[in-house]
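Have a look at the structure below, then the notes.
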Amino acid sequence: MKRYLHLTPEDVKIMKRLKMMTIFGTRPEAIKMAPLINKMQERDEIESIVCITAQHREMLDSVLKQFKIEPDYDLDIMKHGQTITDITTRVLQGIESVLKESKPDMVLVHGDTTTTFVAALAGFYQKIPIGHVEAGLRSGNMSSPYPEEMNRKLTSSLANMHFAPTVENFNNLVKEGISKEKIFITGNTVIDALLQTIEEEYVFKNLCLNEIDFINKKIIVMTVHRRENWGQPMEDIFSAVNEIVAQNRDVEIVYPVHLNPKIKELANKFLGNNKQIHLIDPLDYKPFANLLNKAYLILTDSGGIQEEAPALKKPILVVRDETERPEAVEAGTVKVIGIKKLDIVNEMQLLINDENSYKQMSRAINPYGDGTASEKILEEILIYHRILL
Ligand code: UD1
Ligand code: UDP
């Protein structure tokens with residue numbers, strides 16, 4: 001059992017508060033950092049400072065609104081059609097003055113986006129310790145997911161504290177030479193966020209979603225956005241989906257399309273104008289998580305959704321060649337099916353028409369924690385800074 005130093009309320013008032021700066025920029029980072037920020041905001045010993053790069057804009061702002069987070073710094077870097085180089089240079093230049101002005105005691109980054117890596121690098125340049133939330137995920141393939149596998153490895157090289165969701169993630173870091181004392185197995189904060197968001201009687205505000213018959217139809221939620229799937233792979237995935245709806249009149253697809261113009265264009269071209277396919281704007285996190293909870297099946301290349309679906313007992317087919325989330329595959333709810341059209345059609349058909357296969361994958365095994373990851377991370381941070389014994 002860990003104990004606080006003998007701090008009285010008076011001590012806490014006069015002591016220098018620990019300045020924790022969280023830096024993030026995209027939708028998934030915001031969803032997974034929000035519970036930790038909310039926890040830090042509750043603590044008298046901590047001054048929580050939020051810096052967003054706004055690598056994403058609308059998709060980020062909607063999460064901030066749900067979790068009532070008001071950023072202290074907003075680099076506002078998003079440009080339409082931005083390249084990885086654009087993001088890297090704009091974030092690196094923007095963060096320097098923020099860190100110099102604010103002088104945090106520690107910077108927290110999350111996951112594997114370009115914001116993550118560059119924020120960690122900027123912190124390193126200013127000699128500020130870095131805490132990496134969701135550390136140690138590895139696909140073992142530098143080109144997939146691209147550029148995330150490299151981003152996460154580089155971030156691991158820069159971080160002083162590594163918050164690994166699972167034992168597998170811990171082991172990946174140890175194999176790369178990171179000292180065990182610096183790695184903390186905490187579960188994934190995505191479960192903290194999910195548990196705060198799911199409501200069994202949830203009613204959508206979106207009219208199109210409220211009209212969908214979740215009881216009598218098989219509703220498949222899909223999302224596809226990864227860079228390595230842009231172009232032909234995405235065309236093949238969409239083509240497989242068209243074949244599925246043509247063969248199964250009781251199936252409807254709900255696809256909240258990522259705001260990336262490249263993806264919107266392809267999705268509209270291949271999947272537009274089909275009554276069984278609902279192409280909609282990205283949903284705010286609350287309706288999206290509740291949509292997952294009502295879905296029959298999920299088809300995705302997303303990382304975060306692979307962690308959420310097992311917690312919701314939803315079978316999930318991953319249209320990628322590998323995953324950095326093998327725990328969910330072992331748990332039986334996630335199947336990695338590749339990006340070949342025929343394979344996608346066959347795997348979807350099986351889950352739509354074979355009750356046993358469906359039941360086998362609808363398991364309530366959740367390898368990503370019990371919703372207390374933020375608390376665990378916070379405790380380790382307080383120990384590191386000698387506020388907790
Ligand atoms: C980024 C991350 C990826 C993460 C994904 C989560 C990188 C290189 N990629 O990919 O790791 O899995 O976010 O979704 O860090 N756009 C908007 N509004 C928004 C968000 C995006 O209009 O709120 C459009 C813009 O035109 C932008 C484009 O989408 O230029 C691409 O955004 P970007 O962050 O570069 O890539 P993602 O594909 O979103
Ligand atoms: N998500 C959302 N609205 C949507 C689609 C996804 O809120 O319309 C959430 C989803 O629940 C998950 C996160 O966004 O928590 C995943 O983000 P994304 O797939 O963009 O990124 P990745 O996890 O692949 O990095």
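Counting convention: from 1, in listed order, for ligands and their atoms alike. Computed from a predicted model, the values in this text were never measured in an experiment.
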- State, with a plain yes or no, whether a side-chain heavy atom of E243 is found less than 4.5 Å away from one of M348. no

- Can any side-chain N or O of N248 pair as donor or acceptor with the backbone N or O of I244 at less than 3.5 Å? yes

- Query: Which residue, L36, N188, I183, V133, forms the side-chain contact (heavy atoms from CB on, under 4.5 Å) with F163?
  - Reply: V133

- Task: Could you tell me whether R57 and D76 make a salt bridge, using a distance below 4.0 angstrom between a side-chain N and a carboxylate O?
- Result: yes

- The protein residues that pass the under-4.0 Å heavy-atom test against ligand 2 are R27, P28, I31, H225, R226, P256, P282, L283, Y285, F288, S302, G303, G304, I305, E308

Any protein N or O within less than 3.5 Å of an N or O in ligand 1? List each pair with its distance, or say none.
| from | atom 1 | to | atom 2 | distance (Å) |
| --- | --- | --- | --- | --- |
| ligand 1 | 11 (O) | E148 | OE2 | 2.4 |
| ligand 1 | 12 (O) | R226 | NH2 | 3.3 |
| ligand 1 | 13 (O) | H56 | NE2 | 3.2 |
| ligand 1 | 14 (O) | H258 | NE2 | 3.4 |
| ligand 1 | 15 (O) | Q55 | NE2 | 2.8 |
| ligand 1 | 15 (O) | T114 | N | 2.9 |
| ligand 1 | 15 (O) | T114 | OG1 | 3.4 |
| ligand 1 | 18 (N) | E58 | OE1 | 2.9 |
| ligand 1 | 23 (O) | R57 | N | 3.0 |
| ligand 1 | 23 (O) | E58 | N | 3.1 |
| ligand 1 | 23 (O) | E58 | OE1 | 3.2 |
| ligand 1 | 23 (O) | M59 | N | 2.9 |
| ligand 1 | 26 (O) | H80 | ND1 | 2.9 |
| ligand 1 | 26 (O) | G81 | N | 3.3 |
| ligand 1 | 29 (O) | N260 | N | 3.4 |
| ligand 1 | 30 (O) | K79 | O | 2.7 |
| ligand 1 | 30 (O) | G81 | N | 3.1 |
| ligand 1 | 30 (O) | Q82 | N | 3.2 |
| ligand 1 | 32 (O) | Q82 | NE2 | 3.4 |
| ligand 1 | 34 (O) | Q55 | NE2 | 2.9 |
| ligand 1 | 34 (O) | H56 | NE2 | 3.3 |
| ligand 1 | 34 (O) | Q82 | NE2 | 3.2 |
| ligand 1 | 35 (O) | Q82 | NE2 | 3.0 |
| ligand 1 | 35 (O) | R227 | NH2 | 3.1 |
| ligand 1 | 39 (O) | H56 | NE2 | 2.6 |
| ligand 1 | 39 (O) | H258 | NE2 | 2.9 |

- Message: With a 4.0 Å cut-off on N to O distance, would you call R152 and E149 a salt bridge?
- Response: yes

- Item | Test: R227 and E148 ion pair at under 4.0 Å | no

- Message: Counting neighbours of NZ on K182 that are heavy atoms of other residues, nucleotides or ligands and sit closer than 6.0 Å, is the number greater than 12?
- Response: no

- Residue list, salt bridge (charged side-chain N to carboxylate O under 4.0 Å, His left out) with K335, at least two apart or on another chain: E347

- Grouping ILVMFWY residues whenever side-chain heavy atoms fall under 4.5 Å, the cluster of Y146 otherwise contains I84

